[in-house]
Trainee: 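Pasting a structure below so you can have a look.
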Amino acid sequence: ERSDYARAITLHEQNLALRRDLDDKSGIASSLNNLGRIAYYRGDTAQAIVYYEESLALQRKLEDHFGIALTLNNLGAALADNLQELDRATTLLQKSLTLSREPGTKYFLIPFTLTQLGRVALYAGDLERAQKMLEEGLGSARDGRSRTGMAYALLHLAQLAICQNDPEKAALLVREGLTIQRAFDDKG
């Protein structure tokens, strides 16, 4: 979370090796997901996808409901960066959202997945759907008091405002998101 990627990679690779030695399948899936996040944050989307797909396969074998939802969300986000994969990204994100909304679950993922779906719609040029999903993501983040979720949704709503030729609105949204991020020292 502090952007010390070299140290994070070293620690997560050590963790992965230990978990493989112990044949801790759940731990292996978690380590792979974490390594995927680091690769994604570093801009290595292709490597992130490899980690996420391996993690997802394990999560499915384990029938780990939350792990599947989380990894589908992360994989969908990584695929969204490849404009050729928007349909697959949407499918995976929809599956994550469905799992996260099942009765008895209270996953923090919902605002992020909604925002990811809005981002994919934005990339696909469907501004109406993007608006709907991003606003729903922001509302969900506010309801759940997720500052990170709010800041993330506001950033993408600002991108939408730019696409709608409304730079003033975009600037207001960015300022609001930055205020939230600064309140908890988010450098991401």
Side-chain angles (χ1 to χ4, degrees), residues 1-120 123 133 136-137 140-141 143-149 151-153 184 186-188:
E1 299 300 325
R2 294 182 181 153
S3 301
D4 185 354
Y5 299 129
R7 181 155 167 71
I9 290 168
T10 298
L11 292 171
H12 282 294
E13 285 177 344
Q14 289 172 356
N15 192 2
L16 178 60
L18 288 170
R19 289 177 170 191
R20 286 191 195 277
D21 287 346
L22 295 170
D23 196 33
D24 174 7
K25 303 252 189 282
S26 179
I28 293 167
S30 178
S31 292
L32 290 166
N33 194 47
N34 288 330
L35 284 164
R37 285 182 58 215
I38 295 165
Y40 182 75
Y41 292 156
R42 291 181 67 214
D44 189 352
T45 306
Q47 183 61 55
I49 290 168
V50 170
Y51 283 129
Y52 290 146
E53 286 180 338
E54 187 178 350
S55 177
L56 182 59
L58 280 171
Q59 300 289 5
R60 285 182 169 150
K61 284 180 186 175
L62 295 168
E63 298 180 9
D64 179 346
H65 193 269
F66 175 74
I68 293 168
L70 176 64
T71 308
L72 285 169
N73 179 74
N74 292 346
L75 179 56
L79 289 169
D81 289 349
N82 177 352
L83 298 181
Q84 305 301 313
E85 298 265 13
L86 294 179
D87 289 340
R88 183 172 178 223
T90 299
T91 299
L92 296 176
L93 290 165
Q94 283 293 102
K95 287 179 183 176
S96 176
L97 187 60
T98 298
L99 287 171
S100 296
R101 285 182 164 165
E102 285 183 358
T105 60
K106 292 185 180 182
Y107 295 158
F108 69 90
L109 293 172
I110 293 171
F112 297 98
T113 306
L114 289 165
T115 299
Q116 290 294 353
L117 283 163
R119 183 171 73 104
V120 171
Y123 292 168
M133 301 310 296
E136 191 175 345
S140 177
D143 290 346
R145 296 188 178 128
S146 170
R147 295 181 300 186
T148 304
Y152 190 64
F184 61 99
D186 182 359
K187 298 189 178 34

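Hydrogens, waters and symmetry mates play no part in the numbers below; they use all other heavy atoms, side chains included.
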Trainee: So Leu117 and Leu97, do their side chains get closer than 4.5 Å, heavy atoms only?
Mentor: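 Leu97 vs Leu117: side chains touch.
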
Trainee: So Thr148 and Phe112, side-chain contact (heavy atoms from CB on, under 4.5 Å) or not? Walk me through it.
Mentor: CA-CA 9 Å; Thr148 304; Phe112 297 98; 3.9 Å; yes

Trainee: Heavy-atom distance under 4.5 Å between the side chains of Leu92 and Gln116, does that happen here?
Mentor: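 No, side chains not in contact.
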
Trainee: Any sub-3.5 Å donor-acceptor pair from Ser96's side-chain atoms to Ala69's backbone N or O?
Mentor: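 The answer is yes, because a donor-acceptor pair under 3.5 Å joins these two groups.
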
Trainee: Ignoring hydrogens, what is the shortest heavy-atom contact between Ala48 and Gly36? Give both atom names and the distance.
Mentor: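 Smallest interatomic distance, heavy atoms only, reads CB-O, 3.3 Å.
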
Trainee: Within this structure, what is the OG-NE2 distance for the pair Ser30 and His12, rounded to the nearest 0.5 Å?
Mentor: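 Rounded to the nearest 0.5 Å, the OG-NE2 separation comes to 8.0 Å.
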
Trainee: At their closest point, which heavy atom of Leu86 faces which heavy atom of Ala80, and how far apart are they?
Mentor: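 Result for this residue pair: CD2-O, 3.6 Å.
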
Trainee: When rounded to the nearest 0.5 angstrom, what distance separates CG in Leu72 from CG in Leu93?
Mentor: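 So the CG of Leu72 and the CG of Leu93 are separated by 8.5 Å.
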
Trainee: Rounded at 0.5 Å granularity, tell me how far CG in Asn15 sits from CG in Leu32.
Mentor: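 Answer for the CG-CG pair, Asn15 versus Leu32, is 10.0 Å.
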
Trainee: For the backbone of Arg37 and the side chain of Tyr52, can you confirm whether one donor and one acceptor N or O come within less than 3.5 Å of each other?
Mentor: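 Yes, because the side chain of Tyr52 sits within donor-acceptor range (under 3.5 Å) of the backbone of Arg37.
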
Trainee: Quick one: closest heavy-atom pair of Ala89 and Gly76, and the distance?
Mentor: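 In terms of heavy atoms, the two residues are closest at CB-O, 3.4 Å.
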
Trainee: For residues Ile49 and Thr45, determine if any side-chain heavy atom of one lies less than 4.5 Å from a side-chain heavy atom of the other.
Mentor: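 When only atoms from C-beta onward are counted, Thr45 and Ile49 do touch, with a gap below 4.5 Å.
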
Trainee: Between Gln59 and His65, does a side chain to side chain donor-acceptor pair (under 3.5 Å) hold up when you go through it step by step?
Mentor: CA-CA 8 Å; Gln59 300 289 5; His65 193 269; over 6 Å; no

Trainee: Below 4.0 angstrom, N of the basic side chain to O of the carboxylate: do Asp21 and Arg19 qualify?
Mentor: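 Answer for the salt bridge query: no.
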
Trainee: Would a 4.5 Å heavy-atom cut-off, applied to side chains only, mark Tyr152 and Arg147 as touching?
Mentor: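 Side-chain contact under 4.5 Å: no.
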
Trainee: First locate atom OG1 of Thr113, then atom CG of Leu70, and finally report the distance between them rounded to the nearest 0.5 Å.
Mentor: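 One finds 8.5 Å between OG1 of Thr113 and CG of Leu70.
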
Trainee: Could you measure the distance from the CG atom of Leu11 to the CD1 atom of Ile38? Nearest 0.5 Å is fine.
Mentor: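 Rounded to the nearest 0.5 Å, the CG-CD1 separation comes to 8.5 Å.
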
Trainee: Is it the case that the side chain of Ser31 and the backbone of Gly27 share a donor-acceptor pair, with hydrogens and angles ignored and the cut-off at 3.5 Å?
Mentor: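 It does hold such a pair.
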
Trainee: Report the C-alpha separation of Glu13 and Arg20 in whole Å, then their side-chain angles, then the decisive distance to 0.1 Å, and conclude whether the salt bridge (charged side-chain N to carboxylate O under 4.0 Å, His left out) test is met.
Mentor: CA-CA 10 Å; Glu13 285 177 344; Arg20 286 191 195 277; over 6 Å; no

Trainee: I need the full list of salt bridge (Lys or Arg N to Asp or Glu O under 4.0 Å) pairs touching residues 82-100, with sequence neighbours left out, sorted by first then second residue.
Mentor: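 Counting only pairs at least two positions apart or across chains, the salt bridge (Lys or Arg N to Asp or Glu O under 4.0 Å) contacts touching residues 82-100 are Glu53-Arg88.
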
Trainee: Using ring pair (Phe, Tyr, Trp, His ring centres under 6.0 Å) as the criterion, list what pairs up with Phe108, not counting sequence neighbours.
Mentor: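 Testing Phe108 for ring pair (Phe, Tyr, Trp, His ring centres under 6.0 Å), a comparison that skips the adjacent residues, returns Phe66.
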
Trainee: Does any non-hydrogen side-chain atom of Arg42 lie less than 4.5 Å from one of Ile9?
Mentor: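 Heavy-atom side-chain distance check passes, below 4.5 Å.
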
Trainee: Is there a side-chain contact between Ser26 and Asp24 (heavy atoms, below 4.5 Å)?
Mentor: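 Ser26 reaches Asp24 side chain to side chain.
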
Trainee: Measuring from Asp44:CG to Leu35:CG, what's the distance to the nearest 0.5 Å?
Mentor: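 CG of Leu35 is found 11.5 Å from CG of Asp44.
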
Trainee: Checking Ser55 side chain against Ala29 main chain: does a donor-acceptor pair fall under 3.5 Å?
Mentor: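 Yes; at least one donor-acceptor contact below 3.5 Å.
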
Trainee: What heavy-atom pair brings Ala141 and Gly149 nearest, and what distance separates the two atoms?
Mentor: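 Result for this residue pair: CB-C, 3.5 Å.
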
Trainee: Check step by step if side chain to side chain donor-acceptor pair (under 3.5 Å) holds for Asp81 and Tyr40.
Mentor: CA-CA 10 Å; Asp81 289 349; Tyr40 182 75; 3.1 Å; yes

Trainee: So with a 6.0 Å cut-off around CD of Glu63, is the heavy-atom count from everything else above 12?
Mentor: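 Check fails, neighbour count at 12 or below.
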
Trainee: Do Thr115 and Met133 come within less than 4.5 Å of each other through their side chains, counting heavy atoms only?
Mentor: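 Of all side-chain heavy-atom pairs linking Met133 with Thr115, none is under 4.5 Å.
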
Trainee: Could you tell me which non-hydrogen atom of Ser140 sits nearest to which non-hydrogen atom of Leu114, and how far apart they are?
Mentor: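 Smallest interatomic distance, heavy atoms only, reads CB-CD1, 4.0 Å.
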
